[in-house]
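First up is the structure itself, then whatever we jot down about it.
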Amino acid sequence: MTQPVSPPRDSADKMPAPHEPPAWRALVFRADLRTLSLVGVLAVLVLIGGVTKPDEFLDTRNLQLVLTQASVIGVVTVGMTFVITSGGIDLSVGAIVALASVWATTVATQEYGFAGILFTAVLVGVGCGLVNGLLIAYGGMVPFIATLAMLASARGLALQITDGQTQIVSVSSILDLGERDAYVLGVPPLVMVFAVVTIIGWLVLNRTTFGRRTVAVGGNAEAARLAGIDVRRQRLYLYLLSGLCCGIAAFLLIILSGSGQNTNGNLYELDAIAAAIIGGTLLSGGRGTITGSVLGVLIFTTITNIFALNNLQSDVQQIAKGAIIVAAVLVQRRTASTT
């Protein structure tokens, strides 16, 4: 009589393991939670603005103003997100915006009209980014020191060009872009430029080899080098990109203010870094999110608008910004530890 064969003792080990969700799903879930938390903060701020100043805050003109003001620093933040994702930092973005805006609004430049102002602003921004990139990537300088030196130099040069005076723009085609007649379906041109830069930035970071290399360099530069990535050239490109964004932001600021001043872009570097960090970009590098950075910009711009409408002191505004940064980082840490 045939005896039944008993399964081996280790058969349980050979049984297929229960289905586990892949790692990418956990990453997406964490990213969604971060985004939802930022959307929640923004919704609360809108609610506060609507309750405290319903007629003024919810007015179409005021909402257009909020988006327009967010556009300038938002473009800078897109470039900053790439730099921080790669493990770098750029403290010179505000000074580069100032230098580009005053250089592009000199009398000699304005003689070339719209194209001359746009070309000069972008060229100055890219030129400053090139210097930063060469010093950091090929000169071996620490990003903090190199960009700090650029901050001081660009501010000084901007002051020398203007001699402390405001340079008024007289090119009508530039000024017309800031008028309501230039709005398309109620959307200011500056906001449309910001949207285009944001979409391109998202696609480049998430859907291109350049974006994957940026993340790889920020995660582990030595491993990226061993994998065949030219780390120095990648860093150079990233600071060129940051300078390009500063040049575009300077042009938007010229449209918005109708002038060029050496004080333009004051503290932009801190606002851009803060917006990127609360948006979910790791300061140590290796992870970046354009969507989160844009939400961070909108949060800070909305705070500024609410405080201005309620005639509150700027020091209280800075305290509120600091509290939001701390809260956002704590939420991100909590989210990362529970998923």
Point to revise | Heavy atoms from other residues, nucleotides or ligands near CZ of Arg61 exceed 12 (cutoff 6.0 Å) | key: no
Exercise for review: Any chance you could measure Cys128, atom SG, to Leu244, atom CG, to the nearest 0.5 Å?
Suggested key: 12.5 Å
Review point. Closest approach of Pro188 and Thr68, non-hydrogen atoms and distance?
Key: CG-OG1, 3.5 Å
Review point. Can you find a heavy atom in the side chain of Thr304 that is under 4.5 Å from one in the side chain of Gln69?
Key: no
Review point. Do Thr208 and Leu203 pass the side chain to side chain contact (heavy atoms under 4.5 Å, CB included) test, and can you show the C-alpha distance, the side-chain angles, and the key distance before you say yes or no?
Key: CA-CA 7 Å; Thr208 67; Leu203 291 174; 5.7 Å; no
Point to revise | Residue pairs involving residues 89-124 (criterion ring pair (Phe, Tyr, Trp, His ring centres under 6.0 Å); sequence neighbours excluded) | key: Phe114-Phe251
Check your understanding: Can you check whether Ala95's main-chain N or O pairs, donor with acceptor, with Ser92's side chain at less than 3.5 Å?
Key -> no
Check your understanding: Is Phe300 close to Ile278 at the side-chain level, that is, under 4.5 Å between some pair of heavy atoms?
Key -> yes
Check your understanding: Quick one: does Gln167's side chain have a donor or acceptor within less than 3.5 Å of a partner on Val102's backbone?
Key -> yes
Review point. For the atom pair CD (Gln160) and OG (Ser153), what is the distance rounded to the nearest 0.5 Å?
Key: 11.5 Å
Check your understanding: Does the side chain of Thr81 come under 3.5 Å of the side chain of Ser293 through a donor N or O and an acceptor N or O?
Key -> yes
Check your understanding: Is the backbone N or O of Asp90 less than 3.5 Å from a side-chain atom of Thr147, with the two atoms forming a donor-acceptor pair by type?
Key -> no
Practice item. Only counting residues at least two apart or in another chain, list the ones meeting side-chain contact (heavy atoms from CB on, under 4.5 Å) with Thr209. Key: Arg212, Arg213
Check your understanding: Under a single-linkage definition using a 4.5 Å side-chain heavy-atom cutoff for Ile, Leu, Val, Met, Phe, Trp and Tyr, are Val204 and Val76 assigned to the same hydrophobic cluster?
Key -> yes
**Study point:** In one Ile/Leu/Val/Met/Phe/Trp/Tyr side-chain cluster, 4.5 Å: Leu256, Met192
**Key:** yes
Exercise for review: May I ask you to test the Leu236-Leu130 pair for a side-chain heavy-atom distance under 4.5 Å?
Suggested key: yes
Practice item. Compare every heavy atom of Ala70 with every heavy atom of Val297, then report the nearest pair and how far apart it is. Key: CG1-O, 3.5 Å
Review point. In this structure, which one of Ile89, Thr77, Val93, Val83 forms a side-chain contact (heavy atoms from CB on, under 4.5 Å) with Ile273?
Key: Ile89
Review point. Just by modelled atom types, is the Leu238 backbone N or O under 3.5 Å from a matching donor or acceptor in the Ser242 side chain?
Key: no
Practice item. Please test Phe210 against Phe82 for side chain to side chain contact (heavy atoms under 4.5 Å, CB included), starting from the C-alpha separation and ending with a verdict. Key: CA-CA 10 Å; Phe210 183 87; Phe82 277 89; 4.2 Å; yes
Practice item. Check for a donor-acceptor pair, side chain of Gln110 on one end and backbone N or O of Ile168 on the other, with a separation under 3.5 Å. Key: yes
Exercise for review: Could you tell me whether the side chain of Leu135 reaches within less than 4.5 Å of the side chain of Tyr239, counting heavy atoms only?
Suggested key: no
Study note, to complete from the structure: Interatomic distance, CD1@Ile96 vs CG@Asn264, rounded to 0.5 Å, equals 14.0 Å
Check your understanding: Is there a side-chain contact between Phe57 and Thr302, using heavy atoms and a 4.5 Å cut-off?
Key -> yes
**Study point:** Name of the residue among Leu42, Val41, Leu38 meeting side-chain contact (heavy atoms from CB on, under 4.5 Å) with Leu298
**Key:** Leu42
Practice item. Say whether Ile299 and Val39 are linked into one hydrophobic cluster, either directly or through other cluster members, by side-chain heavy-atom distances under 4.5 angstrom. Key: yes
Practice item. Could you grab the distance from atom CG of Leu190 to atom CG of Leu253, nearest 0.5 Å is fine? Key: 9.0 Å
Point to revise | Asp163 side chain to Gln165 backbone, donor-acceptor under 3.5 Å | key: no
Check your understanding: Taking all atoms of both residues into account, what is the closest heavy-atom pair of Asn262 and Arg155, and its distance?
Key -> O-NH1, 2.7 Å
Point to revise | Same apolar cluster (I L V M F W Y, side chains within < 4.5 Å links), Val66/Tyr183 | key: no
Practice item. Please report the closest heavy-atom contact between Gln261 and Ser101, naming both atoms and the distance. Key: O-OG, 3.7 Å
Review point. Measuring from Thr214:OG1 to Asn206:CG, what's the distance to the nearest 0.5 Å?
Key: 10.5 Å
Exercise for review: List the steps, then state whether side chain to side chain contact (heavy atoms under 4.5 Å, CB included) holds for Val294 with Phe194.
Suggested key: CA-CA 10 Å; Val294 170; Phe194 177 36; 4.0 Å; yes
Exercise for review: Consider only side-chain heavy atoms of I, L, V, M, F, W and Y, link residues closer than 4.5 Å, and tell whether Val217 and Leu241 are in one cluster.
Suggested key: no
Check your understanding: Minimum heavy-atom separation for Lys53 to Leu309, with atom names?
Key -> CE-O, 3.4 Å
Revision key, fill the gap. Taking every heavy atom of Leu99 against every heavy atom of Val124, the minimum-distance pair comes out as CG-CG1, 3.9 Å
Point to revise | Trace of the side chain to side chain contact (heavy atoms under 4.5 Å, CB included) decision for Val78 with Thr198 | key: CA-CA 7 Å; Val78 170; Thr198 299; 4.3 Å; yes
Point to revise | From Ser173 atom OG to Leu118 atom CG, the distance as rounded to the nearest 0.5 Å | key: 10.5 Å
Check your understanding: Are any non-hydrogen side-chain atoms of Thr109 and Thr105 less than 4.5 angstrom apart?
Key -> no
